[in-house]
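Notes follow the structure.
All values reported here derive from a predicted model rather than from experimental measurement.
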Amino acid sequence: MSLTIPMVAPIYPAGKEPLPPGITEEEREQFLQAKKYQDYMTMGMESCVAKTIIAGGGGFAIGAVFSLMSSSFAYEDPMARASLSTTQKASEIFKEMGRGMWRSGKGFGKVGALFAGLECVLESYRAKNDMVNPVAAGFLAGGVLARNAGPKAVLGGGVAFAAFSAVIDLFLRREPADDD
């Protein structure tokens, strides 16, 4: 027997909640198992640690790809390696490309992880998702990245990164155009 009270959501015992349309009673266990893993994934994606790691990995990959593309435009002096065989020259070129990809990837990864981590922490602390979070995170990240160059550079780096973050976030938050 179910007691229904007007204007109050019904309360069901755990595991006895009504199933979504299309799910039979025989599929309840699989549905609950899938829902549990979905909840774990959602919690993980909402965590600042996961966001920071994902942004750092994505930044590393983008930095490495940019370095790989830009290395194809690098000027190579043919006389600088005249004493090496073709195989040795190719090996040296690939090693230089790998070092450049690693260096650039590390830099982009640090910036991505720092910004994403700061933004997530600010958003969690403020409990709001608005334009203040990316601008403040950009200011802090720019200041941290310029910390070894002096106070003027810290302020300038913070302002520049905050402005860049604001422009990117405004672009991402814009309303799509109505094409009727």
*Under 4.5 Å between any side-chain heavy atoms of D39 and K35, yes or no?*
yes

*More than 12 foreign heavy atoms under 6.0 Å from CE of M131: is that the case here?*
yes

*If two hydrophobic side chains count as joined below 4.5 Å and joins carry through other members, does V121 share a cluster with L140?*
no

*Determine whether N129 and R173 make a side-chain contact, defined as any pair of heavy atoms from C-beta on separated by less than 4.5 Å.*
yes

*Do other residues, nucleotides or ligands put more than 12 heavy atoms under 6.0 Å from the CG atom of L172?*
yes

_For G112 against A55, the heavy-atom pair lying closest together_ = O-CB, 3.4 Å

*Can you list every pair that meets disulfide (SG to SG under 2.5 Å) and has a residue in residues 88-124, with sequence neighbours left out?*
C48-C120

*Can L145 be reached from F115 by stepping across I, L, V, M, F, W or Y side chains whose heavy atoms are under 4.5 Å apart?*
yes

*Cluster question for you: counting only ILVMFWY and a side-chain heavy-atom cut-off of under 4.5 Å, with indirect links fine, are I53 and M45 together?*
no

*Is there a path of hydrophobic side-chain contacts, each under 4.5 Å between heavy atoms of I, L, V, M, F, W or Y residues, that connects M101 with I93?*
yes

*Atom pair OG1 (T24) and CG (L19), whose distance is rounded to the nearest 0.5 Å*: 8.0 Å

*Nearest 0.5 Å please: distance from the CG atom of L122 over to the NZ atom of K128.*
13.0 Å

*Are any side-chain N or O atoms of S104 and backbone N or O atoms of G100, one a donor and one an acceptor, separated by less than 3.5 Å?*
no

Mind listing the side-chain donor-acceptor pairs of residues 152-168 below 3.5 Å, one per line with the distance, residues two or more places apart or on another chain?
residue : atom : partner : partner atom : Å
S165    : OG   : F161    : O            : 2.8

*Atom of E119, atom of P134 and distance for their closest heavy-atom approach*: OE2-CB, 3.6 Å

*Is a side-chain donor or acceptor of T42 paired with a backbone partner of Q38 at a separation under 3.5 angstrom?*
yes

*Taking all heavy atoms of R28 and all of E25, pick out the closest pair and write down the distance.*
NE-OE2, 2.6 Å

_Using 0.5 Å steps for rounding, measure from the CZ atom of R103 to the OG atom of S67._
7.0 Å

*When hydrophobic residues are tied together by side-chain contacts of less than 4.5 Å, even through go-betweens, does F171 share a cluster with V135?*
no

*Taking NZ, NE, NH1 and NH2 as the nitrogens, is one of them in K89 or E92 under 4.0 Å from a carboxylate oxygen of the other?*
no

*In Å and rounded to the nearest 0.5 Å, what is the OG to CD1 distance from S47 to I54?*
8.0 Å

